[in-house]
Amino acid sequence: MLTSIKENHLTNKGQELGMMYFRVAIILFGAQLVMGLIAAIQFLAPGFLFELFDFSVARMVHINALVVWMLYAMIGATYMMLTDETGHEGVAIGLGKLGFWLLTAAVTVVVLVYIIVQVGPGTEASLWLIHEGREYIEAPRWADIGIVVVVLIFYFNVFATYMKGEKTGIMTVMVANLLALAGLYMAGMFYTDNISMDQFWWWWVIHLWVEATWEVFVGTLAAYALIKIIGAKREIVEMWLWIEVLMLFGSGILGMGHHYFWIGTPEYWWEIGALFSALEPVPLIAMFVHVLYDWGKEQGIAEGRGETASVITNGPAMAWIVTNAFGNFLGAGIWGFFHTLPQVNIYTHGTQFTAAHGHLSFFGAYATILIGMMYYGLQRAYGVQRMKLTFKSKMGIFLTTFGVMGMTIALTIAGYEQVIVERGEMGATWNAFFVAQNLPWYVQAQMWRAIMGVVTLLGFIYLAWDLLTIGKVSKEAEA
Amino acid sequence: MANKNLSVWTSIPFWRRSAAWVTGFASILLIWLTFDTLGQITMGTDDDLKNGVTKRVPAATVINYKIGYEMSTKRGHEVPTIGEKEPFFGKEWSADDAADLLHLGKLTSQTKNCMNCHTLLGNGAYYAPDLTKAWIDPAWSKTGPMMAMTGKSTKEEAIAEFLQHPSTYPTHARMMPELGITADEAKGLVAFLKHMSSIDTNGFPRNFGKEEGSTNAH
Ligand code: HEM
Ligand code: HEM
Ligand SMILES: [Fe+2]
């Protein structure tokens, strides 16, 4: 991956820029996992780095690195497909490169401040310079403004190229969806003394990202990737894409009600949140069926023509996309549905159960397909006809997926214990919290989470190693 | 397929139009509900409190009143109750002073990152107890251990003392760290916690503080 740009089989500047974004993304993914492990160890050994590098710091960097690497990979993937879809070389990509360097410099400074300064006094200046202390969107105000500027540049690249080039269905969805995605960020950029108001708007960013605009983004990526990797027909994937948009937005937008049960907001959100969020798994089933069905169909047609080779031209990318189909359905669909009704959520709200869902959904729905796109980028960068899974690719995908699945199961068990004892039996007090935290089975589950976290990290090492080497290896194998 | 349609179900323009309509309709409904909700969760005023008008999120001067959490048979779950007046840090706070104090507290809750260890209204991190009703937690009451431990005679002073030096008063191996919280910031944070406990959360958390017993579960 390091030499992927020098190697330069890339046909356009947009793809070069895409590879630059991918590289930073994978580094941040690694940082995310290390921070997660520190936080997981602190659950078991609370003295670990106490008052040096506290849980709150590790966790903040863990989830911020997560959000930022995913946004990087999403921007990278968009630059990757821009010219392919529009047939245009890309407008003002040079400016986009400047944006990349600005953003990367800003991210570096922000992370260093998180790690070194950690907390500030209770003043507005701390919000501007250190962090805003709001989960996932902690970035300080100065960085918020920087992010908006860079995103505007990125959006200009995409929009202007779209206007000059061909307007495919995939690109139309992309352009509209990106506008919503970027605009929503601004709902999280202001301060209020009213904690209910604060959380009301906070969810506009978090929920409307992960359960609406990001999901539609995944839909467009999958559509593009299926055309490129297994030769699926454009008419079919684009029709699926519109159906997915309909179902995702139709359920996801009002499904936001499932976060408005208990934060001071009125009771009518119980019914609205329950109804619409209960429908959210439906498009995820559709997306799952779509990927597997198209794959089977294309392979069948090829076999009908008497071809024996696989229709898959990029093994690792396809493996990650199939994992995405499963993971999105399981992590978001099943694990989300578990706790989405108010009757259940009044007990599970804010427990390890939520953390179980958070891990499998972010990994299953987003990490997977974005890694798939990185493999696809490498194939293009090295000009490889057929990219096959290496031993390292297999270890990478197996160990990370197994690790995250293991962590999810461990956290689900911890969640059950916590819900029944802390919430059900003992009424959620300080004391109740710690009685549940100290139950032997709960502690055991936390132990397994840490072990499975190490497995995930091992998988990541294989993955990163594979990304660094597979391009060259595949190229040599073909020569 | 797109040009010669056999059925509307395989027509791309049909699905595109439907997607646009459904998205538009859902968005408009959300915006409409948002306006209604914003009206209901805007902070009340001091006069509301004086006149006994119930607001989902009361004014900052709610810190001048006793706060409880009682079962409402009408609503089928617990709701916060605002009782008679009680001094807060030894005095009654004017509307302006109370608002300033709450402002300092909310700001400090963000700059000290409470939400990346605790949950507030159930959202945040799961490393430390939920703070939604921390103000009325039995541990801080006259019969609980914390007042004696911190050597303070009121709940607010006890919490403020704890927040300034949490690792000096540990009750569990998993301690809260020193976050460099000043005496003023600590007062603000206590006001923030007291205010939060008066928010109508539709009965979350359920049965808060009702069960005093322990459990034999594993
Ligand atoms: C890929 C899509 C999804 C992702 C990445 C995702 C991620 C998350 C995360 C990280 C949280 C915790 C937020 C916090 O820190 O407070 C959360 C909460 C929640 N999610 Fe999802 N989610 C997804 C889809 C879904 C779906 C489809 C459903 C329902 C069917 C769902 C239901 C919920 C509920 C009810 C909560 C609140 C949990 C609580 O009360 O503590 N999610 N989600
Ligand atoms: C080395 C592996 C990992 C470990 C040990 C780990 C550990 C942790 C810990 C300890 C927390 C804090 C939970 C709490 O507040 O109680 C956390 C939160 C979180 N992690 Fe991880 N993590 C790992 C990998 C991942 C991966 C791969 C993803 C997604 C791609 C992820 C996404 C999240 C999210 C979304 C949250 C916030 C959850 C919520 O608030 O509900 N983590 N993680
Ligand atoms: Fe949600």
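To find a chain, count down the sequence lines: A is the first, B the second, and so on, and within it residues start at 1.
- With a 4.5 Å cut-off on non-hydrogen atoms, Asp54(A) touches chain B through its side chain but not through its backbone.
- Of the atoms belonging to Ile272(A), it is side-chain heavy atoms, and not backbone ones, that fall under 4.5 Å from chain B.
- By the 30° and 60° cut-offs, the orientation of the rings of His172(B) relative to Phe434(A) is parallel.
- Using a 4.5 Å cut-off between heavy atoms, Tyr347(A) touches chain B through its side chain atoms alone.
- Heavy-atom distances place the side chain of Leu208(A), and not its backbone, under 4.5 Å from chain B.
- If you measure heavy-atom distances from Thr182(B) to chain A, you find no contacts under 4.5 Å at all.
- Each of Asn202(B), Asp200(B), Ile199(B), Asn123(B) was compared with Trp262(A) under the side chain to side chain contact (heavy atoms under 4.5 Å, CB included) criterion, and only Asn202(B) meets it.
- Heavy atoms of Asp198(A) lying under 4.5 Å from chain B belong exclusively to its side chain.
- Listed options Phe14(B), Trp21(B), Tyr127(B) were ranked by heavy-atom pairs under 4.5 angstrom with chain A; first place goes to Tyr127(B).
- Using a 4.5 Å cut-off between heavy atoms, Ile195(A) contacts chain B through both its backbone and its side chain.
- For Met247(A), no part lies near chain B; criterion is any non-hydrogen pair under 4.5 Å.
- A donor-acceptor pair is defined here as one N or O able to donate and one able to accept, closer than 3.5 Å; such a pair exists between the side chain of Lys106(B) and the backbone of Thr192(A).
- With a threshold of 4.5 angstrom between heavy atoms, Pro121(A) approaches chain B through its backbone and through its side chain.
- Proximity to chain B (any heavy atom under 4.5 Å) is shown, for Phe249(A), by both the backbone and the side chain.
- Between His103(B) and Tyr191(A), the ring planes lie perpendicular to each other; the angle is over 60°, past the 30° to 60° tilted range.
- Annotation: maximal heavy-atom pairing with chain A below 4.5 Å, among Val57(B), Leu131(B), Asn116(B), occurs at Asn116(B).
- Using modelled atom types, one side-chain atom of Arg56(B) and one backbone atom of Thr265(A) make a donor-acceptor pair closer than 3.5 Å.
- Of the two parts of Phe192(B), only the side chain, counted from C-beta on, holds a non-hydrogen atom closer than 4.5 Å to a non-hydrogen atom of chain A.
- To the nearest 0.5 Å, atoms CD (Glu178(B)) and CZ (Phe50(A)) are separated by 8.0 Å.
- From Ile253(A), atom CD1 reaches atom CZ of Phe25(B) across 11.5 Å, with rounding to the nearest 0.5 Å.
- Ranked by heavy-atom pairs under 4.5 Å with chain A, the first of Ser18(B), Ala139(B), Ala20(B) is Ser18(B).
- No other option in Thr201(B), Leu29(B), Leu107(B), Thr23(B) has as many heavy-atom pairs under 4.5 Å with chain A as Leu107(B).
- For the set Leu38(B), Asn113(B), Val22(B), the count of heavy-atom pairs under 4.5 angstrom toward chain A peaks at Asn113(B).
- Heavy-atom distances place the side chain of Gln199(A), and not its backbone, under 4.5 Å from chain B.
- Within the 3.5 Å criterion, the main-chain N or O of Gly122(A) finds a donor-acceptor partner in the side chain of Glu185(B).
- Both the backbone and the side chain of Glu124(A) have a heavy atom closer than 4.5 Å to some heavy atom of chain B.
- Proximity to chain A involves both the backbone and the side chain of Ala173(B), based on heavy atoms less than 4.5 angstrom apart.
- Between the side chain of Glu51(A) and the main chain of Pro177(B), no donor-acceptor pair closer than 3.5 Å is present.
- Using a 4.5 Å cut-off between heavy atoms, Ser196(A) touches chain B through backbone and side chain atoms alike.
- For a residue to count as touching a neighbouring chain, one of its non-hydrogen atoms must lie under 4.5 Å from one of that chain's; by this rule Glu138(A) touches chain B with the side chain only.
- At a 4.5 Å heavy-atom cutoff, the contact between Ile63(A) and chain B is made by side-chain atoms alone.
- Judged by distance alone, the side chain of His349(A) and the main-chain N or O of Leu121(B) form a donor-acceptor pair under 3.5 Å.
- Summarising the geometry, atom CG belonging to Asn207(B) is positioned 11.5 Å from atom CD belonging to Glu425(A); distances are rounded to the nearest 0.5 Å.
- Inter-residue side-chain proximity for Phe200(A) and Ile41(B) is flagged as met; some heavy-atom pair is nearer than 4.5 Å.
- Judged purely by atom type and a 3.5 angstrom limit, Thr111(B) uses its side chain to pair as donor or acceptor with the backbone of Gly120(A).
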